[in-house]
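When a ligand or atom number is given, it counts from 1 through the structure's own listing order.
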Amino acid sequence: MNPRAHSLAADSSIKSFDVVVIGAGFAGLYALHRLRDQMGVSAHVFDAASDVGGTWYWNRYPGARCDIESIHYSYSFSEELQQEWTWSERFASQPEILNYLNRVADRFDLRKDIQFNTRITSLVWDDKNKLWEVGNEEGIIARCKYLIAGTGNLSVAKKPDFKDFEKFKGEIYATGSWPHEKVDFTSKRVGVIGAGASGIQAITEIAKEAAHLTVFQRTPNFASPIGNEPLTPEAVKQVKARYKEIRTKSRNSFGGMPYDKALPSAIAATPEERRRVYDDCYWDGGFRMIFDSFQDLLFNKESNDTAAEYIRAKIRERVKDPKVAEMLTPKGYPYGTKRPPLETKYYETYNRDNVTLVDIKSTPIEMVTEHGIRTSNAEFELDVIVLAIGFDAMTGPLLSMGIIGRAGLALNKKWADGPHTYLGITTHGFPNLFFITGPQSPSVLYNMPLAIEDHVAFATDAIRYLREHDLDVMEPTQEAETQWGALVDSIAQKTLLPGTDSWYTGANIPGKPRVCMIYLGGAPSYRKICADVEANGYTGFALDRTAAIAA
Ligand code: NAP
């Protein structure tokens with residue numbers, strides 16, 4: 001029994017709900033709508049931010065833009081919404097996506113059931129009463145039967161660990177928690193640390209404004225053009241006329257985008273054919289280079305080398321100074337094993353007189369000083385430092401909420417050697433807890449709004465099933481979880497991903513267990529597994545009214 005459950009039982013200020021949802025981004029907004037408006041259960045959302053948006057609320061840095069086409073990176077659950085909303089660009093900018101999510105919140109009247117400015121720091125399962133206790137820094141604020149974590153995969157920033165970082169006297173910004181007001185870089189000497197997807201977008205824009213920009217890059221990336229352009233009224237009309245068909249096609253493709261041109265094998269193709277495919281995909285933009293060229297790029301190193309070499313050649317073509325081009329050229333890891341950033345004239349940015357690239361792998365940052373950054377062979381005076389150093393991805397958001405399950409088991413302890421889940425949405429020992437696009441699901445390699453819709457549907461259908469069958473507790477069995485972990489791992493081992501240091505494997509955070517955190521079998525096979533589990537009355541789950549689930 002949880003002792004706190006009794007002491008708080010009489011406290012009427014603690015609200016009770018059927019379901020509590022954490023996070024008011026894509027996942028939380030849809031979960032609330034589905035639970036409250038389509039199922040008629042009481043649901044409440046908490047979010048640390050002061051408004052809706054999740055990722056798109058926090059990541060307001062200059063140049064922030066989605067890497068999946070706007071018409072695909074959007075909700076499919078409401079045909080009316082799809083028809084009403086019109087995207088202005090092929091790849092939506094952060095402000096436009098935030099406007100969209102605000103529109104969704106207004107259209108479905110969601111804000112009245114969302115409590116903002118509330119960071120959840122404690123989620124404790126009460127074994128006796130079969131309830132979750134939801135708490136913030138001040139104590140328990142709610143109880144609920146079911147908990148849905150819509151906390152995203154990239155919402156806990158990596159902490160800067162540069163020596164004497166706090167001594168810097170200039171301005172400091174982080175891409176993942178950018179100010180709401182415009183940051184003025186005019187006449188300033190700016191240093192950006194990090195050249196991943198966020199850094200690449202921010203660098204391109206900041207260079208246009210700053211007096212001087214110094215980029216501190218550790219590992220170069222395989223970036224390729226995003227291919228953004230305005231969407232014409234005719235293109236929008238055509239999409240809207242066949243949105244249903246487009247969504248079905250998306251859900252039936254590996255990454256959740258309706259690409260269907262990929263040929264089986266790069267290495268089996270002739271050099272001329274490869275060249276033609278890569279030329280098409282490179283300039284067509286989006287994730288076509290990785291998902292719509294050849295199907296074996298993530299599985300066959302020889303095939304992968306052909307794509308990697310193509311992109312390397314493009315970097316050498318686009319960057320005028322051969323020494324800088326060499327520094328920007330990725331080596332030593334296969335293409336696509338780090339999420340490939342998409343760019344708009346990023347490489348040309350290094351042809352500008354006001355931009356300097358510093359290789360901090362060969363000359364590491366030794367310390368931050370009052371006036372800038374000192375590497376092992378130079379000192380750079382700066383007015384502004386921008387951190388674009390990434391996230392404690394996938395497990396970080398869940399492990400930051402103080403989740404304690406059955407018999408006092410802490411999620412941090414259970415996942416000390418990496419995430420253990422069933423289907424990437426539940427974990428043994430933590431009844432009635434669903435995490436949307438969690439580790440060991442296709443998540444970040446599946447177009448996120450669709451992946452979210454699928455998981456929200458799974459979680460809410462499960463809740464509906466329990467209610468309809470006079471049950472109220474659901475928990476995956478240890479056996480099902482072990483088998484799922486083995487399947488996820490066996491698929492990962494057939495790919496090139498586990499060998500690369502990336503946030504996919506936790507290798508970007510010192511001390512984090514190194515394990516591939518993504519189900520790499522693709523969205524269609526994953527969706528089929530989940531559908532079968534559901535159709536068979538939730539295979540792999542213990543369902544009960546009494547919480548008497550064997551440990
Ligand atoms: P990231 O890909 O993890 O990149 C972080 C960068 O910071 C890397 O260059 C990394 O170098 C560097 N770094 C980290 N710690 C460092 C340290 N201590 N010293 C020096 N350099 C350090 O993070 P991100 O750019 O924020 O992107 C994360 C993900 O967010 C993306 O992969 C993508 O999924 C998503 N995202 C999407 C978009 C979009 O939709 N277009 C935009 C931004 C982000 P190493 O590689 O050497 O570790």
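- Counting the atoms of ligand 1 from 1 in the order shown, those under 4.0 Å from a heavy atom of Tyr61 are 42 (C), 43 (C).
- Using a 3.5 Å distance cut-off with no hydrogens or angles, the side chains of Ser303 and Asp296 do pair a donor with an acceptor.
- A donor atom on one side chain and an acceptor atom on the other are found under 3.5 Å apart for Tyr278 and Thr306.
- Shown in contact with Phe162 at under 4.0 Å from a heavy atom are these atoms of ligand 1, numbered in order with element: 17 (C), 18 (N), 19 (N).
- Numbered from 1 in the order shown, with element, the atoms of ligand 1 that lie under 4.0 Å from a heavy atom of Gln201 read 41 (N), 42 (C).
- Arg339 CD, 2.7 Å is the protein heavy atom nearest to atom 34 (O) of ligand 1.
- Between Lys314 and Glu317, at least one side-chain nitrogen of the basic residue sits less than 4.0 Å from a carboxylate oxygen of the acidic one, meeting the salt-bridge criterion.
- Using the six-membered ring where Trp is involved, Phe222 and Tyr335 have ring planes that are perpendicular, over 60° apart on the 30 and 60° scheme.
- Residue Trp85 is tested with Tyr243, Tyr75, Tyr100 for a ring-ring contact (aromatic ring centres under 6.0 Å, His included); the sole match is Tyr100.
- Less than 6.0 angstrom separates the ring centroid of His455 from the ring centroid of Tyr526.
- Atom numbering of ligand 1 starts at 1 in the shown order; those under 4.0 Å from a heavy atom of Lys338 are 46 (O).
- Among all non-hydrogen protein atoms, the one lying nearest atom 4 (O) of ligand 1 is Gly196 CA, 3.5 Å.
- Ser76 and Glu453 are linked by a side-chain donor-acceptor pair at a separation below 3.5 angstrom, with hydrogens and angles left out of the test.
- Only the side chain of Lys158 comes within 4.0 Å of ligand 1, counting heavy atoms alone; its backbone N, CA, C and O stay farther away.
- Looking at Lys512 and Thr395, their side chains do bring a donor and an acceptor atom within 3.5 Å of each other.
- In terms of protein heavy atoms, atom 36 (N) of ligand 1 is closest to Ala197 CB, 3.9 Å.
- For atom 44 (C) of ligand 1, the closest non-hydrogen atom of the protein is Ser198 OG, 3.4 Å.
- The contact set between ligand 1 and Phe391, taken as ligand atoms under 4.0 Å from a residue heavy atom, comprises 26 (O).
- Of the heavy atoms in Ile360, only side-chain atoms (C-beta onward) come closer than 4.0 Å to ligand 1.
- Heavy atoms of Thr175 stay at 4.0 angstrom or farther from ligand 1.
- For Ala388, every heavy-atom contact with ligand 1 shorter than 4.0 Å involves the backbone, none the side chain.
- Note on ring orientation: taking the six-membered ring where Trp is involved, the planes of Tyr73 and Trp56 are perpendicular (angle over 60°, cut-offs 30° and 60°).
- Heavy-atom proximity to Gly194, at under 4.0 Å, picks out these atoms of ligand 1: 6 (C), 7 (O), 9 (O), 12 (C).
- Using a 4.0 Å heavy-atom cutoff, Phe216 is absent from the residues neighbouring ligand 1.
- Using 4.0 Å as the threshold, Leu154 has a heavy atom nearer than that to some atom of ligand 1.
- Ranking the protein heavy atoms by distance from atom 41 (N) of ligand 1 puts Arg65 O, 2.7 Å first.
- Side-chain contact check for Arg65 and Ser70: no donor-acceptor pair (N or O, by modelled atom type) lies under 3.5 Å.
- Tyr519 and Trp484 have parallel rings, their planes meeting at less than 30° on a 0 to 90° scale where 60° marks the start of perpendicular.
- Among all non-hydrogen protein atoms, the one lying nearest atom 14 (C) of ligand 1 is Ile389 O, 3.3 Å.
- The shell of residues lying under 4.0 angstrom from ligand 1, judged by heavy atoms, excludes Tyr504.
- Close contacts of ligand 1 with Cys66, meaning ligand atoms under 4.0 Å from a residue heavy atom, involve 40 (O), 41 (N).
- Close approach of ligand 1 to Gly390 is summarised as follows: ligand atoms under 4.0 Å from at least one heavy atom of the residue are 3 (O), 5 (C), 23 (O), 26 (O).
- Between the side chains of Thr219 and Lys361, at least one donor-acceptor pair of N or O atoms lies under 3.5 Å.
- In this structure, atom 10 (C) of ligand 1 lies nearest to the protein heavy atom Arg218 NH2, 4.5 Å.
- The cationic group of Arg60 lies under 6.0 Å from the six-membered ring centre of Tyr57 and within 45° of the ring axis, placing it in a cation-pi geometry.
- In summary, Glu326 and Lys331 engage in a salt bridge, as defined by a charged side-chain N under 4.0 Å from a carboxylate O.
- Distances from ligand 1 to the non-hydrogen atoms of Gln217 include no value under 4.0 Å.
- Remark: minimum distance from atom 47 (O) of ligand 1 to any protein heavy atom is reached at Thr219 OG1, 2.4 Å.
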